[in-house]
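A short worksheet on the structure shown next.
Each chain gets a letter, A, B and so on, in the order the sequences are listed, and its residues count up from 1. Being a predicted model, the structure only gives us computed values, none of them experimental.
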Amino acid sequence: MQSDVLSEEIMETDVLVIGGGPAGLMAAINAAEKGASVIVVDKANTKRSGAGACGNDHFRAYIPEFHGSDMESVVEEVWKSQAGWTRSYEFMKTWISNTYDIVRMWDSWGIPMKQNGKWDFAGHTFPGGTFTTLHYDGINQKPILTEQAKKRGVKIVNRVAVFDLIADQDGRISGAVGVHAREDRVITFLSRAVVLSTGGCVRLYSGITPGWLFNRADPPHTTGDGRAMAYRAGAELINMEIPARWAGPKYFARCGKGTWIGVLRDPQDNPVGPFVEKPDRRYGDPISDFYKEVFEDYHKSGRGPVYMDCRGISDSDYKYMMHFMRHEALNGILNHFEEEGIDPKNNPVEFMTYEMSSRGGIYYNERGETSLEGLYAAGDEYFGGVSGASTIGWLAGANAADFVEKRKSPSSNTGKDKALEVANMVKEIRNRKNCPAWQEFNIAINQVMTDYAGPVRSATLLEAGSLHLQRIKKKAYEIMQAGNQHELLHCLEVLNLLDVAESVFSAVSERKETRDKFKRVDYPYKNPFFDNKVLVCRKAADGPVLEWRSLK
Amino acid sequence: MPPIINEDICTGCGICAERCPQDVFFGSERKKPPVVSFPEECWHCYACVMDCPTEGAITLRTPVPMMLNYK
Ligand SMILES: Cc1cc2nc3c(=O)[nH]c(=O)nc-3n(C[C@H](O)[C@H](O)[C@H](O)COP(=O)(O)OP(=O)(O)OC[C@H]3O[C@@H](n4cnc5c(N)ncnc54)[C@H](O)[C@@H]3O)c2cc1C
Ligand code: SF4
Ligand code: SF4
């Protein structure tokens, strides 16, 4: 079909927020409160998009009425539990110290943060540890945050996937170009600051069900687009080499294991961890927080499977668990319980370790600033759960608005070149015939990531895999085709995954050591030179550049 | 294939198609029961069922490869 792209379509604003999850919506709300004009552009619909689409139930927080004056112990605990060595202490402190304000704000907007008038902390800790996760009713957080943004005059543009950033003559980020998800339209956004908040990078590695691209614990429509566009614009990424694994129910991939109240047991009913012996609403079973590979290791050694065993749960804890499962977006699983007659009170449910992903993302600080002027980022562009997303998002929004204030002259870049470049690429993808569709490329990327930058990592494997990846990338740009606009969006996601993959390959190659969950079979020891350092990766004219940086 | 629309009671309000994060209902027309264009791309987030104002107009079926294993 002939594609007639309207590259003249332009929208102007002070602050452009790309991605309307908790991070983006909170950034938008705060930037608008500071007087900036704001557009939030979302690939899907901010009412039900991203990792928080249908709710969350645990919010990392410091609440003085609950914790007393001791904020430090909360910071310490979160720092440790979130692979603290990959983040500065200052970042953690700023995050946690702002949570009390955010929590009260959400509560006043109608997201219930208390249970029967009380702060209720539970889960993600062990007996004797510090409680850091506030249990809350998040099922309607997205429609509510969307409403709050609209109330403040924020303009929400749904079903537009942003593909590339626009920089002005001084290298400041001053807008972006997006592609409509349903109509043949390319839209240029001109702004004076940009906040990136497109969530995580799912669909990079092979998922748990062969040939099934969308059975994912996290939302399959967040494909590292923010990381990729930041990388292409020259921004720094961090920790791309560090692997992350999640775990949860077997075959129905879903986050939210901390909401299950049971004991993880082997086939002989022995607990696999030391923390709990019977279901207890205060803890769930924390062993899977500390040791997500427990399921895989039991399986590989033949001692598995491992079950989430809720038998013996008290009636009140059962009610409590069911309540929070609804808020934790586990309704799909509850529906399946019903379909099959599964009752967690009687039926232990097998758990598994899910596929690998990269822990890393865009390098942003506690102000939400990235390495590029005018570009801010928050939330799962790196990590931090819903609390980190909404808190740093909030701060990023304020700082972006401040930046707009200071940046008096509007950018002279009209974005025309970038819009044309994207429009031409889109046209080519749409006009090709008899060429491979996006699925072939996505599966090829999954394959090369899992085989060469997956559980087994060494210089020779990385070199061979990287070569293959470059060939896939070349082909994708030359011959990938889309039959309609929906498939076109998937093609753009593939191009983004390819850039994220490139940064992972180069960062894994650079870290020549073994540390914590990062393993290199050719360097099976910790290199003290890398203590307290993080690995930063950015794209230069002739490929990725890596740099070790001290964590202050 | 998930999701399943009961065209007898669906009012064609379009809420499910408007909100689905995966755009499984791509190509649906206004004021008509939505079309399930990309069932294999469903994330089973349940938003469509939760937000549908007509009880029973839309249901989800869990695909066989995603069945839980339990004892
Ligand atoms: C089932 C489940 C349960 C969870 N439970 C908890 C919990 O209890 N506690 C906790 O702390 N964390 C939890 N998490 C994680 C938490 O939801 C995320 O950390 C949080 O939502 C991150 O917010 P975000 O705004 O950064 O990203 P997201 O919420 O993922 O939002 C990203 C947004 O960007 C949009 N987008 C993506 N690409 C583009 C593009 N190219 N152009 C425009 N828009 C784009 C998406 O459509 C989406 O709206 C859970 C996750 C899941 C999946
Ligand atoms: S369950 Fe979620 S992803 Fe699946 S069709 Fe409904 S809204 Fe879309
Ligand atoms: S939300 Fe319900 S009633 Fe409305 S179109 Fe969808 S299935 Fe039909």
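Atoms NE2 and OG, from His486(A) and Ser37(B) in turn, are 8.0 Å apart once rounded to the nearest 0.5 Å. To the nearest 0.5 Å, atom CG of residue Asn69(B) and atom CD1 of residue Ile342(A) are 9.0 Å apart. Going from atom CD of Glu339(A) over to atom OG1 of Thr59(B) covers 9.0 Å, rounded to the nearest 0.5 Å. Taking NZ from Lys250(A) and OH from Tyr70(B), the interatomic distance works out to 15.5 Å, rounded to the nearest 0.5 Å. Here Asn215(A) contributes atom CG and Met66(B) contributes atom CE; the two are 4.0 Å apart, rounded to the nearest 0.5 Å. With values rounded to the nearest 0.5 angstrom, Lys71(B) atom NZ is found 4.5 Å from Asp269(A) atom CG.
Judged by distance alone, with hydrogens and angles left aside, the side-chain atoms of Trp43(B) form no donor-acceptor pair with the main-chain N or O of Phe214(A) at under 3.5 Å. Asn331(A) contributes no side-chain N or O that, together with a main-chain N or O of Tyr46(B), makes up a donor-acceptor pair within less than 3.5 Å. When atom types are taken as modelled, the side chain of Arg159(A) and the backbone of Glu18(B) share a donor-acceptor pair closer than 3.5 angstrom. The backbone N or O of Leu68(B) lies less than 3.5 Å from no partner atom in the side chain of Glu350(A), so there is not a single donor-acceptor pair. Remark: the backbone N or O of Leu60(B) is paired with a side-chain donor or acceptor of Asn335(A) at under 3.5 angstrom.
Looking at Phe351(A), neither its backbone nor its side chain comes within 4.5 Å of chain B, counting heavy atoms on both sides. With a 4.5 angstrom heavy-atom cutoff, Asp218(A) touches chain B only via backbone atoms. Both the backbone and the side chain of Met67(B) have a heavy atom closer than 4.5 Å to some heavy atom of chain A. In this structure, chain B has a heavy atom under 4.5 Å from the backbone of Asn346(A), while its side chain stays farther away. Residue Pro344(A) does not touch chain B at all, counting heavy-atom pairs closer than 4.5 Å. With a threshold of 4.5 angstrom between heavy atoms, Tyr307(A) approaches chain B through side-chain atoms but not through N, CA, C or O.
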Salt bridge (Lys or Arg N to Asp or Glu O under 4.0 Å) between Asp23(B) and Arg182(A), intermediate numbers included: CA-CA 9 Å; Asp23(B) 216 7; Arg182(A) 292 176 176 174; 2.7 Å; yes
Candidate pair Met50(B) and Arg48(A), rule side chain to side chain contact (heavy atoms under 4.5 Å, CB included), full reasoning: CA-CA 11 Å; Met50(B) 259 166 35; Arg48(A) 292 289 180 207; 3.6 Å; yes
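There is no side-chain donor-acceptor pair under 3.5 Å between His221(A) and Glu41(B).
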